[in-house]
Amino acid sequence: MLSTIHALRGIASIMVFFAHYRTIDVLASSSNNFFSMGAYGVDIFFVISGFVVCLMIDNLKRKFPDNNFKARFLLSRFIRVIIPLWVAILLQYVVVGDYSGMDNLVKSIFLIPSQNSYYNDLVVYYLEPQWSLVFEVLFYSTLTLFISTSRTFLYSGLTLLCLCIPQLLGFEFYLSNPIILEFIFGIYSYKVFRDGALSESYIKSRYLIIAAVCFLLFSFLLKGQAGQIDSILRVLTVGVTCFFIITLASSNVDLNKKIANSYVLMFLGNISYSLYLTHMIGFRIFSIHFEGYGLITLFSLISAITVLFYILIDKTSHNLSKKILKR
């Protein structure tokens, strides 16, 4: 894995953590509204996913020239993504029960979008951050349709583009939200990286810094609509700058070497999925049992939950998914 991509995962998960931090009743404050821009960490995840999964498929095609790896790919993704999700859902149930209704809980287990009366009839899943995994699975499924063809990425990208048409025409269809276009950005970012299409003159830190500043600027300006996944403006601003950040970072050899030597950044990348899945559970445990104990207690609690989940569940699932992809 490219170290820059790995580190960006960790940064994105911390952004999402702070976005949800502001929503907890015992921590709520008008001064925390600034953190709403952290929700755009999901956009980083989506572009990274487009990049990384395409890299995975190219590697599989080299290992299995006969293209006989569709089942391996799907099973590895299921173990890597869904098994940790189900464990996290179970942990949340232990902590708060079926707080949003049993119907929402059951549908969330199977990634079925459903309006939730607990959240004013919005589509909100039992484990709040899992909404993004619905689109991840949609992306994996689209790739699988064309995985045996020579133009897997092109056909997949066109299919995702077509899926957005109903929403762009004004029809309410959850799976056609424009945010799925960010997977296409990831596909193209990977293609630029794979083909070495980026001129050496552009692979410099100053261009990456400019892209990062633009990302932060757009995230701040659009912080009021950070929860809107149907915003084409979000895709064309935040999503596009994510594309440039990931494209420039992945192609920067010197930066990849430096980050590879950073234990902190690499560790954050390792635990990023665990933090993403479990931080809301940590917030609820804090609200129920440790209200008033202060931020040090909160951060210590969530750090402990994240690391334990990573060691016991996430890392194990990841290792098993990698074994499945081997001969």
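Not measured: the values here are computed from a predicted model.
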Mind running side-chain contact (heavy atoms from CB on, under 4.5 Å) on Leu143 and Ile57 for me, showing each step along the way? CA-CA 9 Å; Leu143 286 169; Ile57 288 175; 3.8 Å; yes
Decide yes or no for [X] and [Y]: does some side-chain heavy atom of the first lie under 4.5 Å from some side-chain heavy atom of the second?
X	Y	value
Ser36	Phe18	no
Tyr99	Arg284	yes
Val124	Ser100	no
Val96	Ile288	yes

Begin with the C-alpha distance, continue with both residues' side-chain angles, and end with the deciding distance and a verdict on side-chain contact (heavy atoms from CB on, under 4.5 Å) for Leu60 and Arg72. CA-CA 9 Å; Leu60 285 171; Arg72 289 174 183 266; 5.6 Å; no
Cation over ring face, Arg77 and Phe139, 6.0 Å, 45°: no
When the ring planes of [X] and [Y] are compared, do they come out parallel, tilted or perpendicular, using 30° and 60° as the limits?
X	Y	result
Phe283	His279	perpendicular
Phe69	Phe64	tilted
Phe17	Phe299	tilted

With sequence neighbours excluded, what pairs up with Asp58 under the salt bridge (Lys or Arg N to Asp or Glu O under 4.0 Å) test? Arg194
Contacts of Lys191 meeting salt bridge (Lys or Arg N to Asp or Glu O under 4.0 Å) (sequence neighbours excluded), chain-then-number -> Asp195
Can you list every ring pair (Phe, Tyr, Trp, His ring centres under 6.0 Å) pair that touches residues 214-247, not counting sequence neighbours? Tyr188-Phe243
Please round to the nearest 0.5 Å and tell me the distance separating atom [atom1] of [X] and atom [atom2] of [Y].
X	Y	atom1	atom2	result
Ser108	Asp98	OG	CG	11.5 Å
Gln167	Ile180	CD	CD1	9.5 Å
Ile281	Glu128	CD1	CD	9.5 Å
Phe135	Tyr174	CZ	OH	4.5 Å
Ile311	Ile271	CD1	CD1	10.0 Å
Leu275	Thr306	CG	OG1	4.5 Å

Is the CG atom of Leu169 crowded by more than 12 outside heavy atoms at less than 6.0 Å? yes
With a cut-off of 6.0 Å (strictly less than), are more than 12 heavy atoms of other residues, nucleotides or ligands near NZ of Lys61? yes
Would the distance check show the side chain of Asp314 and the main-chain N or O of Phe309 forming a donor-acceptor pair, the cut-off being under 3.5 Å? no
Could you tell me whether a side-chain N or O of Ser176 sits under 3.5 Å from a main-chain N or O of Phe173, the two making a donor and an acceptor? yes
Taking the ring centre of each residue, are Tyr126 and Trp131 less than 6.0 Å apart? no
By ring pair (Phe, Tyr, Trp, His ring centres under 6.0 Å), which residues pair with Phe290, not counting sequence neighbours? Tyr293
Can you list everything that forms a ring pair (Phe, Tyr, Trp, His ring centres under 6.0 Å) with Tyr125? Sequence neighbours excluded, please. none
Could you tell me which non-hydrogen atom of [X] sits nearest to which non-hydrogen atom of [Y], and how far apart they are?
X	Y	value
Ser317	Pro84	OG-CG, 3.7 Å
Met266	Ala260	CG-O, 3.9 Å
Val53	Tyr140	CG2-CE2, 3.7 Å
Cys242	Val47	CB-CG2, 3.8 Å

Could you verify whether a donor N or O on one side chain and an acceptor N or O on the other, from [X] and [Y], lie under 3.5 Å apart?
X	Y	result
Tyr276	Ser132	yes
Thr247	Ser189	yes
His6	Asn270	yes

Run the side-chain contact (heavy atoms from CB on, under 4.5 Å) check on Val264 and Leu268 step by step: do they pass? CA-CA 6 Å; Val264 173; Leu268 284 176; 4.3 Å; yes
Would you call Glu136 and Arg80 a salt bridge, taking side-chain N to carboxylate O under 4.0 Å as the test? no
With sequence neighbours left out, which residue pairs that include part of residues 227-237 fulfil the salt bridge (charged side-chain N to carboxylate O under 4.0 Å, His left out) condition? Asp43-Arg234
For the pair Leu255 and Leu208, evaluate side-chain contact (heavy atoms from CB on, under 4.5 Å) and give the outcome as yes or no after the intermediate values. CA-CA 11 Å; Leu255 184 61; Leu208 179 57; 3.4 Å; yes
